[in-house]
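One structure is given below, encoded as structure tokens.
Naming: A, B, ... by sequence-line order, numbering from 1 per chain. Note that the structure is a prediction, hence the values are computed from the model and not measured.
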Amino acid sequence: MSEVNDIPIDVLRHSAAHLLAHAVLDLYPETRTGIGPAVETGFYYDFLRQTPFTPDDLEKIEKRMKEIARENTPIERLVLTKDEAVRMFEEKKQDLKVELIREKGDATVTVYRQGPFADFCLGPHVASTGLLQNVKLLSVSGAYWKGDERGPQMQRIYGAVFATKKELEDHFRMLEEARKRDHRRLGAELDLFSTSDDLGGGLILWHPKGARVRAVIEDHWRERHWAGGYDILFTPHIGRATLWQTSGHLGFYKDSMYSPMDIDDQPYYLKPMNCPFHIQIYKSRMRSYRDLPLRWAELGTVYRYERSGTLHGLLRVRGFTQDDAHIICTPGQIESEILRVLDFSVSILADFGFIDNKIELSVRDPKNLGKYCGTDDLWCRAEASLVKALETRGYPYERMEGEAVFYGPKIDIKIKDALGRHWQCTTIQFDFNMSERFGMTYVGEDGQEHRPYMVHRALLGSLERFFGVLVEHYNGSFPLWLAPVQAVVLPIAERHEEYARALDRRLGENGLRSSVDLSREKVGKKIREAEIQKIPLILVVGDKEVERGTAALRVHGQGDKGEVDLARFIEQAKEFHRQKSLIVNF
RNA sequence: GCCAGCGUAGCUCAGCAGGUAGAGCGGCUGAUUUGUAAUCAGCGGGUCAGGGGUUCGAAUCCCUUCGCUGGCUCCA
């Protein structure tokens, strides 16, 4: 048993994918196999087959997988010449494998074989199928051969595998936990937001409590931006087609834009991005190098067409508010500006409790340099500034070659939620396209016109997505400073209501968001309600408290804290609120 | 958009070899005046997502539209 624990999880997963394909071919020999890698949460295998797999089929397949695992079939590694391998899979009528071998195979290729099943694969794999006992299939979905939508639609089966039964069970408990803290579920339970079929998909309705949190986030955002050297802008939601023509959006972004509306015989488009508007402001007058850098931020609401199947709660919507900013600077300023925006981003994410971030640097595809706009010099300088900023701070990052957008390199920060899942929020990207197309210039020391660098940046990303991630990260239990309702006062009996109301008022006068529960329920019920609503501070008042001018404090997640002096409690609560503390300790 | 699954009261779900709809919670009303996670009782509430078909009869079977979910592709 000790040896199974020593196997790297990716090897286990990849071997489980082979086990899956083995079982599928046993049961449905006409199936053609695609690829079957290990992924972050388990493994999958793609199959090409006339009839799609049903949930019943999955059960049968899983059963067969377990049988093969019990048979403990040895897994052997074969080294074949490319021709031998091609012949082998031609005999098996696995033309997709043949295609892969022809594309990817060197002079010799490796094939892993277990019983009748063989797969073209680099490996490594476990020694025998007996090590794959703790396996479970999760779901089946569509996928395209080589990810190409025009290619054949395949059936992808997902599964999970672990070294021990306990780990498998823990994994499913974790999935259940994730389901419980799904922002869509919590959004309804905590009355934060909703969507409506009558309204249309991907459009968010912010309820009073959700809007409250959003307003707190926005206020904090504005405060930090003004303090951080940014100016804040407002721009409209629509603009003339000519603007989008100039920006190039009608060329390269039209598929994501909604149909134009007609205003005085002129076509206008709903904005999918804010940049052209900021550029109009830039171009409203001459700019000198003395004016730069400009840091212009806006909470800009944009509308983008997203295909129906991609919509997902708050994380993928059709109308959203970006916390957008454009930094316009001279070439000499880019290094310091990039470092500054990186520090600023990391610092604001930390304000919200996100400190464990994953950073990706997306650069050009060296094999396809033609598809990018902007000169080589621009790119090199921009890339160097991004790398330098990351290295100056010593942040580990992943270099993603070919992941850059056509108009410039970028840094993405993916924040990690409490369950270890990553969500892309921050993006810092150079834009060589807009500055060129709009002919942005500034007058340099030499009196000549120069092209400024423009950096596009979304920090929280979109307020919708960020809020969704925040809800999941905190499991709905917002820290005091963000909580829609920070304190609730619970009178025990009717005779305590006046005192409770007065206390509620006093909290409000002290800048705390408070409410009072005047329902004719027992205090146990009121506490339960307040706990379910995840209200950080609960103040119970009865005869004793009225008499002494106190309250009994209960802190969400911490339980009963006993009687507190009101003046002292309010001062402490105000301080936690003012400090934007992520934890409170009375 | 594509593949698969799903759509029954505000929410969570039961009902399905086809005979005309049920529970819990929430809501409302009343009683209870309550001390740290659910007081009791009563009452409302559903063209079973919409449309079409098969049938004497459809929540249940078939077709279709819409929506949602899990993925694919894309992305803040």
Side-chain angles (χ1 to χ4, degrees), chain A residues 39 44 46 49 51-58 138-158 179 182 184-185 188-189 191 194-201 255-256 272-274 300-302 304-324 405 412 414 423-427 429 456-466 468-469 490-497 519-533 538-545 552-556 559-563:
Chain A
V39 290
Y44 69 79
D46 286 344
R49 187 167 174 258
T51 46
F53 294 110
T54 65
D56 283 349
D57 292 337
L58 282 199
L138 295 169
S139 61
V140 58
S141 69
Y144 302 98
W145 174 236
K146 294 179 180 168
D148 182 354
E149 281 186 38
R150 290 155 305 188
Q153 173 110 36
M154 305 188 68
Q155 305 294 317
R156 175 170 297 179
I157 299 178
Y158 282 89
R179 206 177 63 82
D182 188 309
R184 292 166 299 183
R185 169 196 272 257
E189 280 173 8
D191 200 15
S194 65
T195 54
S196 152
D197 289 355
D198 286 338
L199 214 199
D255 288 349
S256 296
M273 290 187 190
N274 303 300
T301 303
V302 296
R304 297 181 186 173
Y305 172 71
E306 300 287 351
R307 296 193 290 179
S308 58
T310 63
L311 301 176
H312 179 91
L314 292 173
L315 302 181
R316 191 72 185 275
V317 296
R318 285 179 171 160
F320 57 98
T321 300
Q322 289 185 306
D323 68 319
D324 215 350
V405 258
D412 290 329
K414 300 192 171 185
W423 300 96
Q424 196 204 309
C425 289
T426 305
T427 181
Q429 43 193 57
H456 170 103
R457 172 233 83 171
L459 204 167
L460 306 177
S462 81
L463 286 165
E464 285 74 9
R465 177 176 288 180
F466 187 75
V469 176
L490 311 183
I492 286 173
E494 202 170 348
R495 62 179 178 279
H496 311 124
E497 283 184 5
S519 63
R520 297 289 150 76
E521 296 288 351
K522 290 166 83 166
V523 72
K525 173 69 177 274
K526 293 183 182 182
I527 285 170
R528 181 179 154 80
E529 287 302 315
E531 289 287 354
I532 288 172
Q533 285 301 308
I538 298 170
L539 295 161
V540 180
V541 295
D543 289 337
K544 204 165 68 181
E545 289 75 18
L553 173 67
R554 186 185 166 102
V555 179
H556 178 70
D560 193 354
K561 307 293 266 190
E563 199 173 2

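When the C1' atom is used for both B:rC11 and B:rG27, the distance is 12 Å, rounded to whole Å. Separating the P atom of B:rA59 from that of B:rG50 is a span of 10 Å, rounded to the nearest Å. Distance check on atom C1': B:rG51 versus B:rC66 gives 10 Å, rounded to whole Å. For B:rC28 and B:rU69, the P atoms lie 30 Å apart once the distance is rounded to whole Å.
Nucleotide B:rG57 forms no Watson-Crick or G-U wobble pair with any nucleotide shown, as no partner meets the under 3.5 Å limit on both distances.
Whole-Å rounding puts the A:Y144 OH to B:rC3 C1' distance at 7 Å. What separates CG of A:D46 from C1' of B:rU73 is a distance of 13 Å, to the nearest Å. Between the CH2 atom of A:W145 and the P atom of B:rC72 there is a distance of 17 Å, rounded to whole Å. If you measure from atom CZ of A:R307 to atom C1' of B:rG70, you get 16 Å, rounded to the nearest angstrom. The nearest whole Å value for the distance from the CG atom in A:L490 to the P atom in B:rU36 is 12 Å. Following rounding to the nearest Å, A:I532 (CD1) and B:rA38 (P) show an atom-to-atom distance of 9 Å. Per the geometry, CG belonging to A:L311 stands 7 Å off P belonging to B:rC68, to the nearest Å. Rounded to an integer number of Å, the gap from A:I527 CD1 to B:rA38 C1' is 12 Å.
The side chain of A:S308 sits closest to B:rG1 out of B:rU33, B:rG1, B:rU69. For A:R304, the side-chain atoms get nearest to B:rC75 when compared with the rest of B:rC75, B:rU39, B:rU33. Distances from the side chain of A:V140 to the nucleotides B:rU73, B:rU36, B:rA4 place B:rA4 closest. Listed nucleotides: B:rG67, B:rU73, B:rU36. Nearest to the side chain of A:D197: B:rG67. When distances are taken from the side chain of A:V540 to each of B:rU36, B:rG71, B:rU39, the shortest belongs to B:rU36. Checked against B:rC72, B:rU36, B:rU39, the side chain of A:A552 finds its nearest nucleotide in B:rU36. Among the nucleotides B:rA76, B:rU33, B:rG1, the one closest to any side-chain atom of A:A493 is B:rU33.
Shown here is A:D255, whose CG atom has no more than 12 heavy atoms of other residues, nucleotides or ligands within 6.0 Å.
Nearer to the 5' terminus of RNA chain B, by closest-nucleotide assignment, is the contact made by A:E149 (compared with the other of A:E149 and A:Q424). The residue among A:H556 and A:P52 whose nearest nucleotide of RNA chain B lies closer to the 5′ end is A:P52.
Between the side chain of A:R465 and the base of B:rC75, a donor-acceptor pair under 3.5 Å is found. Interface remark: the A:R554 side chain does form a donor-acceptor pair with the B:rA37 base, using a distance-only criterion of under 3.5 Å. For A:E545 against B:rG35, a side-chain N or O and a base N or O form a donor-acceptor pair under 3.5 Å.
Side-chain contact between A:V540 and A:E545 is absent, with no heavy-atom pair separated by less than 4.5 Å.
Both thresholds, 5.5 Å between centres and 30° between ring planes, are met by A:F320 relative to the base of B:rA76, so the two rings are stacked.
Across all strands shown, A:E306 has heavy atoms under 4.0 Å from base atoms, whether or not it also approaches the sugar-phosphate. Among the atoms of the strands shown, only primed sugar atoms or phosphate atoms (P, OP1, OP2) are found under 4.0 Å from some heavy atom of A:Y158.
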Legend entry - side chain to side chain contact (heavy atoms under 4.5 Å, CB included) assessment of A:F320 paired with A:V302: CA-CA 6 Å; A:F320 57 98; A:V302 296; 3.7 Å; yes

